[in-house]
*Asks:* 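Below you will find the structure I want to go over with you.
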Amino acid sequence: MIRFVPSEKENCVEVVAYDGENPAGTAKFNVEGFNMSFISVESTDDIILEGLARASMNYAANRNAYIAKISKEFDAPAFRRLGFEGEDVLSVEIPEALMSGCSGCHQ
């Protein structure tokens, strides 16, 4: 079972995905006002990457963030499926992204 564990670090939040006891990916982001911005995302599995994005956006939404942003350099199919759009900076409204069906579950 995959689990996502958030922890607050200096000036950011880190979410680590664990497959059992083994780390399977990480996402780092910060929240400023109504915006959350991904600083980095890493995973070799696209579905885990989507889970990291969802867990991160949920954490940020619980701290009043409404818009999620990510630099084009971290763009991946998982972010496009969640509705991220844009040129240099991709963004999405967090409630819309979280309401989209789970790609891995084919919903």
*Asks:* Give, for atom OH of Tyr66 and atom CD of Glu93, the distance between the pair rounded to the nearest 0.5 Å.
*Replies:*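 CD of Glu93 is found 3.5 Å from OH of Tyr66.
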*Asks:* Are Leu98 and Val15 connected into the same hydrophobic cluster when the rule is that any two of I, L, V, M, F, W, Y join if their side-chain heavy atoms are below 4.5 Å apart?
*Replies:*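 Both belong to a single hydrophobic cluster.
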*Asks:* For the pair Glu87 and Lys72, find out whether any cationic side-chain nitrogen is under 4.0 Å from an anionic carboxylate oxygen.
*Replies:*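 Here Glu87 does not pair with Lys72 in a salt bridge, since their nearest N and O are not under 4.0 Å apart.
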*Asks:* For Met57 and Ala97, work out which heavy atoms get closest and say how close.
*Replies:*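 Minimum heavy-atom contact is CE-CB, 3.8 Å.
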*Asks:* More than 12 foreign heavy atoms under 6.0 Å from CG of Asp88: is that the case here?
*Replies:*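 Atom CG in Asp88 is not packed in, count stays at 12 or less.
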*Asks:* Could you go step by step and tell me if Phe74 and Phe79 meet the ring-ring contact (aromatic ring centres under 6.0 Å, His included) rule?
*Replies:* CA-CA 9 Å; Phe74 298 118; Phe79 289 100; 8.5 Å; no
*Asks:* Does Val13 share a hydrophobic cluster with Ile39, counting links as ILVMFWY side-chain heavy atoms below 4.5 Å and allowing steps through other members?
*Replies:*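 Val13 does not cluster with Ile39.
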*Asks:* Within this structure, what is the CZ-CG distance for the pair Arg54 and Leu49, rounded to the nearest 0.5 Å?
*Replies:*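 Arg54 CZ to Leu49 CG: 11.5 Å, rounded to 0.5 Å.
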*Asks:* Could you see if Ile2 belongs to whatever hydrophobic cluster contains Leu52? Use Ile, Leu, Val, Met, Phe, Trp, Tyr and a side-chain cutoff under 4.5 Å.
*Replies:*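 Shared cluster, yes.
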*Asks:* CZ/Arg63 to CG/Asn58 distance, rounded to the nearest 0.5 angstrom?
*Replies:*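 Spacing of CZ (Arg63) from CG (Asn58) equals 9.0 Å.
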*Asks:* So, taking the atom named CD in Glu42 and the one named CD1 in Ile48, what distance separates them when rounded to the nearest 0.5 Å?
*Replies:*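 One gets 13.5 Å once the value is rounded to the nearest 0.5 Å.
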*Asks:* Which pairs of donor and acceptor atoms, one on a side chain in residues 19-37, lie under 3.5 Å apart (sequence neighbours left out)?
*Replies:*
none

*Asks:* With rounding to the nearest 0.5 angstrom, report the CD to CD1 distance, Glu96 to Ile67.
*Replies:*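 Here the rounded value is 8.5 Å.
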*Asks:* For Lys9 and Glu14, which heavy atoms make the closest approach, and how far apart are they?
*Replies:*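 Taking Lys9 first and Glu14 second, the nearest heavy atoms are CE-OE1, 3.3 Å.
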*Asks:* Within a strict 4.5 Å, meaning less than it, do heavy atoms of the Ser71 and Phe38 side chains meet?
*Replies:*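 Contact flag for Ser71/Phe38 side chains = no.
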*Asks:* Under 6.0 Å between ring centres, would you say that holds for Tyr59 and Phe4?
*Replies:*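 No; Phe4 has its ring centre 6.0 Å or more from that of Tyr59.
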*Asks:* Applying side-chain contact (heavy atoms from CB on, under 4.5 Å), run through Leu90 and Asp75 and close with a yes or a no.
*Replies:* CA-CA 8 Å; Leu90 291 75; Asp75 187 17; 3.6 Å; yes
